[in-house]
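Positions are given from 1, in the same order as the sequence printed here.
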Amino acid sequence: MKRIKLAYVGLLVVLSLLWWMADPLLPDGYEYFALRTLAINYTGILGIGVMSVGMILALRPVRLEPLLGGLDKTYRLHKWLGITGLVVSVTHWLWAQGTKWAVGWGWLVKPARGPRVEQTDPILNFFQQQRGLAETIGEWAFYAAVVLIVLALVKRFPYRLFFKTHRVLAVVYLFLVVHSVVLMPFGYWTQGVGPVITLLMALGSVAAVVSLLRKVGHRRKAVGEIVELLRFPDNQVLKVGIRFKDRWAGHEAGQFAFVTFDTAEGAHPFTISSGWTGDGRLFFLIKGIGDYTARLPELLRVGDVVTVEGPYGRFAFASGKRRQIWVGGGIGITPFIARMKALAVEPDGREIDLFYSTAAPDAGFIARLQRDADAAGVRLHVLVSARDGRLDVARICAAVPAWPEADIWFCGPGGFGQALREGFTAKGLSAGDFHQELFDMR
């Protein structure tokens, strides 16, 4: 989280400084309309800047994963930028439209303009002539962006519809680029803010086109066939085994992939639950927690062709500690299963305690989990919430007295992870020794 927080704050600070160097911060006399111009310019730069970076991150750039801590963190930053873009755009619109309303209602008096200086440069003259069109384009693009971003943030909005409507944001973004290019003050182009915003808009436009052509992650996709379906009814988990028809580059335990079972539904992210042995096979453990995933046992058949895109993620279990504590909440157990299968083949010598907390135990699932733990040399602690109560920091520390020598790896519900993080850091654990996967793509 620290890396994406720094990236987020850093982007806002850099864009703000670039704007400040291009524009005087305070106009003489604090005159309202001059302040309005500054506010519109600043929110415009900030808005198109964060939207551009958000559009770039939507490409799932693998090269940025080491810098941001994994694609799950990248998507969290993408979400923050989307919300920021929404807030800044609303502010930008209010400064522009609110003043016009105030003038129309007689609350403000618009200052008289002198004669407009004739623009002799043909390029600048062309841009000046397009200002009215650019304002109209920007206004309608703003309305569309507000609706689409709000829909993306509403978890009740069906994923299959989110998958389709979110792509429309690429079109809206391109219209906002046109709006920004035409209306950005001419003086900005000769300042530092001009080239930076131009670069961001250019990269964002490329990303938008790639998204519209449905080429995101194209080089990381492989076609496979379902060869195994095993349902664990008590905890509503479905094991989906896949054999690749294409070449799969391999993966590390803890990584995830986007799987397309149905092109109309789109790709869903699932943690890979198996290690990689080079045999062209892997499997996923999928919990039926939504309308679509709950119906997968009825929809999927052995022999179905699927598309797998990945792998992604940096939940790699790499650390300098000789002891590790793993905590899996519900279906968050999946990356630990993959790691145990890898350790069964190639042990790393660490002492590992795995805590599996579940509200819906399945005897068959737990039996398989125990076999994997035994093969990997991992001590398994299973806690059923209705029987054993809530898993917390005190219970973990009591079960593992040497916990100060360990780092913590968590995957599960966000609130559960936050409580453990705060509890362990309060007891003296370094924040960098608590690793959490932010498995939330919306």
Side-chain angles (χ1 to χ4, degrees), residues 1-13 64-81 83-84 252-256 271 313-340 348-359 378-383 385 388-441:
M1 288 289 286
K2 183 178 179 180
R3 293 184 184 182
I4 59 174
K5 287 179 180 177
L6 289 174
Y8 175 75
V9 174
L11 175 63
L12 297 182
V13 169
L64 292 182
E65 283 200 78
L67 299 176
L68 298 176
L71 187 62
D72 58 321
K73 312 298 189 301
T74 301
Y75 264 86
R76 181 61 59 88
L77 178 58
H78 171 81
K79 181 177 180 178
W80 290 352
L81 293 175
I83 295 172
T84 303
E252 299 291 334
Q255 291 190 296
F256 66 92
T271 299
R314 304 284 294 181
F315 197 72
F317 301 95
S319 71
K321 300 292 185 72
R322 299 307 302 168
R323 180 184 289 274
Q324 291 185 343
I325 296 172
W326 302 346
V327 182
I331 198 60
I333 193 64
T334 49
F336 304 113
I337 293 175
R339 181 59 177 164
M340 288 191 295
D348 65 2
R350 289 189 175 94
E351 291 189 62
I352 301 170
D353 287 84
L354 168 59
F355 292 84
Y356 172 46
S357 177
T358 177
V378 172
R379 286 184 292 272
L380 176 64
H381 310 261
V382 177
L383 291 96
S385 55
D388 304 312
R390 183 180 179 182
L391 177 63
D392 56 17
V393 171
R395 179 166 285 184
I396 294 173
C397 293
V400 188
W403 69 266
E405 304 170 10
D407 55 357
I408 316 295
W409 296 78
F410 174 85
C411 184
F416 184 17
Q418 183 65 24
L420 291 181
R421 177 188 293 274
E422 292 174 355
F424 272 111
T425 52
K427 291 178 72 67
L429 182 77
S430 169
D433 286 336
F434 191 97
H435 310 273
Q436 180 176 359
E437 188 175 44
L438 304 176
F439 209 69
D440 186 2
M441 298 299 155

> Considering residues at least two apart in sequence or located in another chain, which fulfil the side chain to side chain donor-acceptor pair (under 3.5 Å) criterion with S319?
Replying inline: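 Only Q324, D407 meet the side chain to side chain donor-acceptor pair (under 3.5 Å) criterion with S319.
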> Which residues pass the side chain to side chain donor-acceptor pair (under 3.5 Å) test with H381, sequence neighbours left out?
Replying inline: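 Expected list: D353.
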When rounded to the nearest 0.5 angstrom, what is the spacing between [atom1] in [X] and [atom2] in [Y]?
{"X": "K427", "Y": "W403", "atom1": "NZ", "atom2": "CH2", "value": "5.5 Å"}
{"X": "R314", "Y": "E437", "atom1": "CZ", "atom2": "CD", "value": "13.0 Å"}
{"X": "I337", "Y": "I331", "atom1": "CD1", "atom2": "CD1", "value": "7.0 Å"}
{"X": "L71", "Y": "L64", "atom1": "CG", "atom2": "CG", "value": "10.0 Å"}

>> For G313, is there any backbone N or O sitting under 3.5 Å from a side-chain donor or acceptor partner on E65?
In response: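 Checked: pair present.
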>> Main chain of P66, side chain of R3: is a donor-acceptor contact present, judged purely on distance under 3.5 Å?
In response: yes
> Would L420 and Q436 count as a side-chain contact (heavy atoms from CB on, under 4.5 Å) if you check the C-alpha gap in whole Å, the side-chain angles of each, and the deciding distance to 0.1 Å?
Replying inline: CA-CA 10 Å; L420 291 181; Q436 180 176 359; over 6 Å; no
Between [X] and [Y], what is the shortest heavy-atom contact and its length?
{"X": "K321", "Y": "E405", "result": "CD-O, 3.6 Å"}
{"X": "F256", "Y": "T271", "result": "CB-CA, 3.6 Å"}
{"X": "P404", "Y": "P401", "result": "CD-O, 3.6 Å"}
{"X": "L77", "Y": "A7", "result": "CD2-CB, 4.1 Å"}
{"X": "L391", "Y": "S357", "result": "CD2-CB, 4.2 Å"}
{"X": "G254", "Y": "A338", "result": "N-CB, 4.4 Å"}

>> Before you tell me yes or no, could you show the steps for C397 and F424 under side-chain contact (heavy atoms from CB on, under 4.5 Å), namely the whole-Å CA-CA distance, both residues' side-chain angles and the distance that decides it to 0.1 Å?
In response: CA-CA 9 Å; C397 293; F424 272 111; 3.8 Å; yes
>> Tell me whether the count of non-hydrogen atoms from other residues, nucleotides or ligands lying under 6.0 Å of CD in Q255 goes above 12.
In response: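 Yes - once you tally the heavy atoms of other residues, nucleotides and ligands closer than 6.0 Å, there are more than 12.
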> What orientation do F410 and F416 show, parallel under 30°, tilted 30 to 60°, or perpendicular over 60°?
Replying inline: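 Rings of F410 and F416: perpendicular, as their planes differ by over 60°.
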> Parallel, tilted or perpendicular: which fits the ring planes of W409 and H435, with parallel below 30° and perpendicular above 60°?
Replying inline: parallel
>> One pair to check against side-chain contact (heavy atoms from CB on, under 4.5 Å): Y8 and T84. What are the steps and the verdict?
In response: CA-CA 10 Å; Y8 175 75; T84 303; 2.6 Å; yes
> Between R390 and D392, is there a side-chain N and carboxylate O pair less than 4.0 Å apart?
Replying inline: no
